[in-house]
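Okay, structure first, notes after.
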Amino acid sequence: MIEPLATDEKVVFERTEVLTDHALHYCPGCTHGIAHRLIAEVIEEMDIQDRTIGVCPVGCSVLAYQYFDVDIQQAAHGRAPAVATGIRRVLPPDRYVFTYQGDGDLASIGMGEILHAANRGEKITVIFLNNAIYGMTGGQMAPTTLPGQKTTTSPFGRDTAQTGHPIRMCEMLNTLVEPVLIARGSLSSPKGINRAKKLIRQAFELQHQGFTFVELLSTCPTGWGITPTDAVKWLDRNMTPFFPLQVFREPGAMPDASHKYAPDLKVRDEA
Amino acid sequence: MAGQRLLMKGTEAIAEAAIRAGCHHFFGYPITPQTEIPEYMSVRLPPLGGTYLQAESEVAAINMLYGAGGAGVRVMTSSSSPGVALMSEGFSYLVGAEVPAVIVNIMRGGPGLGNIAPAQGDYLEMTRGFGHGDMHAIVLAPSTVQEAVDVMGLAFDLADEYRNPVVVIGDGLLGQMMEPVSFPDTEPKVFDKPWATTGKAKSRPRNITNSLYLDADQLEAHVRDLDVKFQRMDVEQRAECWMTDDHPEIVIVAYGTMARIAKTAIRQLRAKGLSVGLYRPITAWPFPSRALEPLVEPTRAFLTVEMSLGQLVQDIRAQVGRRRPVSFYGRAGGVVPTVEEIISQVELLHASLAAA
């Protein structure tokens, strides 16, 4: 319990009530905690705590259900978008449903679920933490691991001839017609964090219009084997050039006229 | 339609019975021989304000059940053997997180892609928990289209009562045959679900749907709690004993469609003067041991007949032990044992008993 303030003191900052008092288990210098707080602050500011249902993944953020003070479901590895679909489709439309997923969860084992949830235009918000590595299992190669990046399962550096290039999820999802927001931010600087919060806010605000997706470039000093301060520099220097910080899709900004395509089905209908 | 008798295909009757049991949400993926269930749901559910959604895979479908069941609604999927196998991981999560849901498995020939013909080769897979970890689920095995209708309502009630998924198994014959059915007039039972993740009202703490317990002692406590629940499910044992009141010499053991074929064989055998009855599990799990036990002593020999190479027979042998001989006859790969084959098996068994 925090002591009451003396009368001449002014509150300039309070921790959001949408996070529980549970101590975070994340490593020093990891940006999961920042991402959690941004999401929780958005939920508080929009006053939707009582209407929000979260879905957390398998990976470093597997314990996220302990930290968000909202109704929440813990999903199987990669399946959060399917779980969120189940929730979204059966609860009243005023609810807000979000998933929180890492790169192994979303871009590897859960590729099918994320693509199809996006393609159906599920009215959910997906927050995608991309730190180019498997953190929870101890630093293995992820689908987003950079070319030449050393991990415990690419000890000589990621060999793109054998394992391909990193997958750019925003760009891939941007080929689909239904999503209403696809954007990539970075948690490597205060400026980036402020922008990330705006993107998360925008995603939640647009959620009832359709599928919204925010990727956040994140650090993993433990998995990368460098200090937290070096990690933010490493992110800026190595990740951002391949994963550009961009808003790929906004409402009314379809990439082409695909959404207007209406095939001639007369033959089938008349048959 | 209530009270009326309608001629319906097994798959469609199962779908209609689920809707009448208050299940307005269906997630599934097409696979023969059960695709009429999703097709029927795609017509019936949207006008009811429910959900029909064709998932991208069985893996996605079972996880949609997890989300929807966790949010507190009655929800189901249906599939067939290879598709159901893909749901095994999600099924374990349903059990671990105590999420009610109903899964219909219209079994086909395996292993692998096998074929689309009727089979009972998933008995052990379904009754031994069907998922990783210490777990169980009630498995209902109807034998007629009417019984399939009746067990669908029961399946949803049991799922909600125990907060555990329930499986309904049938074979392709049950799914494809047409029979007259009537639907119950009763309103579906409504269960209070204060645990559901519907949005945290200010008046309550948050609800969490979860099967993760990193601490070994905590997980053991959770698994023990679940185990107590599985043991409580023992009261749900159901079986049919048919023509056993006169203590027949031979009791045929069969379930699902196989039991119907066995009944025809028994009628013909009785007409020939042989003394034969039937023991038919309706709950494949919990195994209905209480109905079997009184039959063991008066029966001279058991014959288990299956559309598999011997799965249910393992449960029969486990209970009967060495008290009575338990023989087995089965066909696989979508081949269904015929009335004639059963009759010939019983006659052989009868002759060997007479010679003994």
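What you see below is based on every heavy atom in this structure, not just the backbone, and it leaves out hydrogens, waters and symmetry mates.
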So for A/Val55, is it side chain, backbone, both, or neither that comes closer than 4.5 Å to the heavy atoms of chain B?
neither

Counting only non-hydrogen atoms closer than 4.5 Å, does B/Ala196 touch chain A with its backbone (N, CA, C, O), its side chain (CB onward), both, or neither?
backbone

Hey, are A/Gln73 and B/Thr197 close enough side-chain-wise for a donor-acceptor pair under 3.5 Å?
yes

Under 6.0 Å from the CG atom of B/Asp134, do we count more than 12 heavy atoms belonging to anything else shown?
no

What part of B/Ala60 gets closer than 4.5 Å to chain A, counting heavy atoms only: side chain, backbone, both or neither?
both

Between B/Gln176 and B/Lys9, is any side-chain donor less than 3.5 angstrom from a side-chain acceptor?
yes

Evaluate whether atom OH of A/Tyr26 has more than 12 neighbouring non-hydrogen atoms of other residues, nucleotides or ligands under 6.0 angstrom away.
yes

Engaged part of B/Ser57 at the chain A interface, taking heavy atoms whose separation is under 4.5 Å:
side chain

Side chains of A/Thr152 and A/Gln140 only: does a donor on one sit below 3.5 Å from an acceptor on the other?
yes

Contact part of B/Leu214 toward chain A, heavy-atom cut-off under 4.5 Å: side chain, backbone, both or neither?
side chain

Applying a strict 4.5 Å limit to non-hydrogen atoms, the region of A/Leu91 in contact with chain B is side chain

Okay, B/Leu65 and chain A: the region with an atom under 4.5 Å from a heavy atom over there is neither

Heavy-atom contact with chain A under 4.5 Å, split by part of B/Phe27:
side chain

